[in-house]
Amino acid sequence: YEFAAYEAAGFGKLDGSDPDAAKGAKLTPPNLSMGDWFKYTTNLMALSPVPKDLKFGEIPEGVLRLGGTFVVDGDEVVYQWSDKIPGDYPEVDDVLKVTK
């Protein structure tokens, strides 16, 4: 599995190389029911790319990759957010504002 798109977008990697990465991150857990958490976890496991040659104890590269949020209007990126750590995501209202 290649991560060229993540790198091109400037997304980081959770590898411990930046001990200050979590500073300023807002970690607010989503308001999910027990059933929703189960669905989320099940989907996460099914959708996560795991290499066939992964050895016991190794962490898949995809688990270490951070993502983000984009709003695109035609060919123009009008909003970009890069997660600092897993669970760090933009305020929904901030994202929605740029769509109006």
Side-chain angles (χ1 to χ4, degrees):
Y1 194 85
E2 297 292 324
F3 293 94
Y6 284 76
E7 292 165 6
F11 293 147
K13 188 174 171 184
L14 187 65
D15 59 3
S17 63
D18 183 4
D20 294 328
K23 288 185 179 176
K26 295 181 189 175
L27 297 180
T28 306
N31 187 18
L32 300 177
S33 69
M34 185 62 83
D36 290 337
W37 275 111
F38 179 77
K39 288 178 197 173
Y40 170 80
T41 304
T42 303
N43 286 336
L44 179 70
M45 299 301 286
L47 297 172
S48 296
V50 178
K52 295 181 191 256
D53 60 345
L54 188 71
K55 294 178 179 54
F56 181 76
E58 291 181 335
I59 299 172
E61 179 72 16
V63 173
L64 300 174
R65 293 294 178 152
L66 298 170
T69 303
F70 286 95
V71 175
V72 179
D73 184 8
D75 291 337
E76 182 183 356
V77 176
V78 295
Y79 182 89
Q80 178 182 355
W81 170 279
S82 297
D83 300 344
K84 297 176 188 82
I85 57 175
D88 175 43
Y89 50 86
E91 293 291 331
V92 173
D93 288 340
D94 292 344
V95 178
L96 293 177
K97 283 178 191 173
V98 300
T99 65
K100 296 179 181 179

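Everything quoted here is computed from the prediction, not taken from an experiment.
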* Counting distance only, does the side-chain N/O of E61 pair as donor-acceptor with the main-chain N or O of P51 below 3.5 Å? -> no
* To do: Would you give the length of the straight line joining atom OG1 of T42 to atom CH2 of W37, rounded to the nearest 0.5 angstrom?
  => 12.5 Å
* Residues clustered with V78, ILVMFWY side-chain links under 4.5 angstrom -> V71, Y79, W81, V95, V98
* When Ile, Leu, Val, Met, Phe, Trp and Tyr are grouped by side-chain heavy atoms lying under 4.5 Å apart, directly or through other members, which residues fall in the same group as L96? -> V92
* To do: To the nearest 0.5 angstrom, please state how far the OG1 atom of T99 sits from the CG atom of D73.
  => 10.0 Å
* Measuring from R65:CZ to F3:CZ, what's the distance to the nearest 0.5 Å? -> 6.0 Å
* Asked: Do the side chain of E58 and the main chain of K55 share a donor and acceptor less than 3.5 angstrom apart?
  -> yes
* Identify whether Y6 and V77 are in the same connected component of the hydrophobic contact network (ILVMFWY, side-chain heavy atoms under 4.5 Å). => yes
* Check against salt bridge (charged side-chain N to carboxylate O under 4.0 Å, His left out), E7 and K13 -> CA-CA 9 Å; E7 292 165 6; K13 188 174 171 184; over 6 Å; no
* May I ask you to decide if the ring planes of F70 and F11 are parallel, tilted or perpendicular, using 30° and 60° as cut-offs? => tilted
* Any idea which heavy atoms bring D88 and S82 closest together, and the distance? -> OD2-O, 4.3 Å
